[in-house]
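Just so you know, residue 1 is the first one in the sequence shown, and it goes up from there. Both ligands and their constituent atoms are indexed starting at 1 by order of listing.
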Amino acid sequence: MAGRPATKKGAAKASPVSSPQKNANNKRKVNPVKEPVAKKAKVAAGKAAGKATGKKAAKAVEEDSEDDESWAYGAVDESDSEVEEMDDEFVSAEEGSDIEVGALNDDFLGDEFAESDEESKAPGTAMFGSDEEDEEEGEEEEEDEEDIFASNSEDSDDDDDMEAKSRKLDAAAKAEAEEAEAELQTNIMLENDKYVLPGDDHEILQSTDLQVVQARIQEIVRVLNNFREMREGNRSRNDYIAQLLKDLCLYYGYNEYLMEKLFYIFPVSEAIEFFEANEVPRPVTIRTNTLKTRRRELAQALINRGVNLDPVGKWSKVGLQVFDSPVPIGATPEYLAGHYMLQAASSFLPVMALAPQEHERVLDMASAPGGKSTYIAALLKNTGMVFANDANKDRTKSLVANIHRLGVKNAVVCNYDGREFPGVIGGFDRVLLDAPCSGTGVISKDASVKTNKSEQDFQMLSQLQKQLILSAIDSVDAGSKTGGYIVYSTCSVTVDENEDVVNYALKKRPNVKLVSTGLDFGKEGFTRFREKVFHPSISLTRRYYPHMHNMDGFYVAKFKKISNKIPKKEDNVDLDEEEEFTPITEETGKRSRGKKSNGSKTAEEESISFNADEDAELIRASQAKLLQQQKGIKLRPKKST
Ligand SMILES: C[S@@+](CC[C@H](N)C(=O)[O-])C[C@H]1O[C@@H](n2cnc3c(N)ncnc32)[C@H](O)[C@@H]1O
């Protein structure tokens, strides 16, 4: 559409890289390996992404924040500081804002997604649940959304002006890219087009000046990308990589352990794009709460308040991306009335993959502050039941607050260590395990991840994730008529927390298999990684990256449970031993209630399933006890039949 802000379009598409940034030393940073042309596009994208990060959005009440995706078990609540961090970003993004307010683009006409979970669909076919009423209504909605779009474009008579501004931005970006390129030239050590790695004592190699480091990075990447031609005689690939890793740590501020872990996930140039993307904030996104409103109504209401937004993309019918807002997005009347949730786009994905169906019983095993639980409730249209559990009691407060604000009526909030399931209750139609993780997918929101995770932390997390995933699987009823699915997700990109955990689950629980997530974008999960080889079906899992999808790094895997029988240990001899588990409650530090370990279960033990009649009696007894304790009311015992 003519007059659409170029920056905005860029933000939705391009990977957000190379926006001039400052590092800890307050020196100007540019992507050390990008060609000028690519830089130009990315500078624009980066700026737009910057605008999309709202101080106002960040002012959302603490409980709504999904920014604390990286919560690990027992972590302290840091959401306040995260909000402050986002505030700062918005201040700089707001300066010089020239984005048209109130424009909606063609992307607003989201694609329809089927609601079915059926595996008969080809992998990659979108088939996650829709939260819209029915197809007809969906079509009407599309037309209405088109109207909003049309009326907004009629209103905007400054199209020419926008184009001029857009050209100006492009020119500025180009000039900047050229300037950056010129700066680089001063430090490049070229010799017959080869990059000679100087001896260890050479002053250039000793230099920690960021421009020198940046030049070294650029040159080493160039050599590694064409190693045979460009290597210097006696230097091995490992020599170059060792220097590159050192320089990347220095330039981006990661500890060596994490840098190495992340670096090997990608081809060399892509790794740099990933690190660059972590320096740029992701767009602010909101999820329409379809229990209270429709996306077009919400969009119109926010546009009327001067909010500049667009749909997040065709893949979601409920997401909106907020570019700019004159009002705090976390405190509008619509927000307070529960018409939307401030939620990272990536965090829609596991729920879409879970695709809960009306009247089902769903467990969200690690659910606070409730972004995904409330989405599940919306997809269930307030029917069935969502068990929203979290091990951290403090965090269940924000979970409860969100559940109330969004008008969720089918949720039970509980506070157990997830590893106690299905001892607490089982037999669910579906289980979501959005596991506690290291947060390497959300470094742009929490830069402390760069330095505060040790090898031991990763080992502990991976062990916890493995225990939780087995509990999640054992909590599902394979006999469910509509479900029998488990979704595992993390906001981390490391293989230890993703493919490794899923592979472990496949080995330990041959009664599950991986199925398509139904998400039609995302990179395939690894089936091999360095020295590791995983089950081939792990290619059905999906990875999301900030530099590729302009959203937080994320991982999603979906399992179908085919039997309730847990295989005998002796049939499972090649597997690592399951660790014994003795849960400790956070508040008391005492051994918690519930079953012992999954590992201590007897062979062939069935997972504990929900028995409506038995549970009805238990629930009645406990209600009677409560009434008597709190109100002094004594219920007559029910006559046995
Ligand atoms: C990634 S966050 C969950 C975010 C949540 N799913 C949402 O969408 O709002 C991980 C959560 O796991 C919880 N947690 C950590 N260890 C746990 C455990 N052993 N059992 C259950 N929850 C746990 C943390 O308190 C944290 O709230």
Side-chain angles (χ1 to χ4, degrees), residues 60 62-79 82 285 287 341-354 362-378 386-403 406 408 411 413-424 431-442 445-446 449 457 460-472 475 487-492 497 552-556 579 581-587 592 594 597-598:
E62 183 186 321
E63 62 262 24
D64 200 19
S65 169
E66 280 270 310
D67 298 329
D68 38 12
E69 281 285 8
S70 56
W71 271 88
Y73 180 49
V76 214
D77 195 327
E78 285 165 352
S79 38
E82 282 162 9
T285 50
R287 175 179 58 78
M341 182 86 179
L342 259 166
Q343 191 165 6
S346 55
S347 109
F348 300 1
L349 301 172
V351 181
M352 290 162 88
L354 189 70
V362 180
L363 169 64
D364 187 354
M365 199 173 242
S367 67
K372 296 178 190 78
S373 289
T374 52
Y375 192 8
I376 292 170
V386 189
F387 282 77
N389 176 69
D390 201 280
N392 184 323
K393 196 169 184 182
D394 258 6
R395 282 168 66 82
T396 58
K397 289 178 197 154
S398 53
L399 174 61
V400 170
N402 278 321
I403 283 173
L406 296 172
V408 171
V413 172
C414 38
N415 170 223
Y416 292 97
D417 187 311
R419 293 170 290 186
E420 291 183 61
F421 286 87
V424 177
V431 174
L432 172 64
L433 171 57
D434 184 36
C437 70
S438 64
T440 57
V442 288
K445 284 177 182 149
D446 180 7
V449 174
D457 292 326
M460 276 167 58
L461 272 170
S462 169
Q463 191 191 7
L464 172 62
Q465 289 155 347
K466 286 173 178 169
Q467 290 168 335
L468 285 169
I469 202 171
L470 296 189
S471 294
S475 303
V487 167
Y488 174 79
S489 62
T490 68
C491 60
S492 178
E497 297 176 85
D552 294 333
F554 227 84
Y555 178 78
V556 182
E579 287 90 13
F581 158 56
T582 312
I584 307 288
T585 55
E586 263 174 284
E587 317 88 76
S592 90
S597 83
N598 292 321

Is [X] close to ligand 1, meaning an N/O of one under 3.5 Å from an N/O of the other?
| X | answer |
| --- | --- |
| D417 | yes |
| R419 | no |
| G370 | yes |
| K372 | yes |
| A368 | yes |
| L464 | no |

Gap separating the [atom1] atom of [X] from the [atom2] atom of [Y], nearest 0.5 angstrom:
| X | Y | atom1 | atom2 | value |
| --- | --- | --- | --- | --- |
| L468 | R419 | CG | CZ | 6.0 Å |
| S373 | D390 | OG | CG | 9.0 Å |
| Q467 | E420 | CD | CD | 12.0 Å |
| N392 | S398 | CG | OG | 8.5 Å |
| C491 | K445 | SG | NZ | 8.0 Å |
| S475 | L470 | OG | CG | 10.5 Å |

Compare [options] and give the one whose heavy atom is closest to [atom].
| atom | options | value |
| --- | --- | --- |
| atom 6 (N) of ligand 1 | D434, V351, L468 | D434 |
| atom 13 (C) of ligand 1 | D390, N389, T396 | D390 |
| atom 18 (C) of ligand 1 | P436, P350, A391 | A391 |

Suppose I only count heavy atoms of [X] and a 4.0 Å limit; which atoms of ligand 1 are within that range?
| X | result |
| --- | --- |
| M365 | 21 (C), 22 (N) |
| P369 | 9 (O) |
| N392 | 25 (O) |

Problem set entry | Ion pair check, D434 and K372, cut-off under 4.0 Å |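 Result for this pair is yes, salt bridge flagged.
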Exercise. Looking only at heavy atoms, is any part of A366 under 4.0 Å from ligand 1, and if so is it the side chain, the backbone, or both, or is it neither?
Worked result: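 Both backbone and side chain of A366 come within 4.0 Å of ligand 1.
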Exercise. Does ligand 1 have a heavy atom under 4.0 Å from the side chain of R395, from its backbone, from both, or from neither?
Worked result: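 The side chain, only.
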For this session: Run the numbers on V442 and V449 for side-chain contact (heavy atoms from CB on, under 4.5 Å), then give the verdict.
Result: CA-CA 8 Å; V442 288; V449 174; 5.6 Å; no
Exercise. Non-hydrogen atoms of S347 versus ligand 1: any pair closer than 4.0 Å?
Worked result: no
Problem set entry | contact_flag T490 ligand 1 heavy-atom lt 4.0 Å |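 T490: no contact with ligand 1 (<4.0 Å).
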For this session: Using atom types as modelled and distance alone, determine if a side-chain donor or acceptor of S367 lies under 3.5 Å from a backbone N or O of N389.
Result: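 Flag set: sc S367 to bb N389 pair under 3.5 Å.
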Exercise. Taking it one step at a time, do Q465 and T490 satisfy side-chain hydrogen bond (donor to acceptor under 3.5 Å, both in side chains)?
Worked result: CA-CA 10 Å; Q465 289 155 347; T490 68; 6.0 Å; no
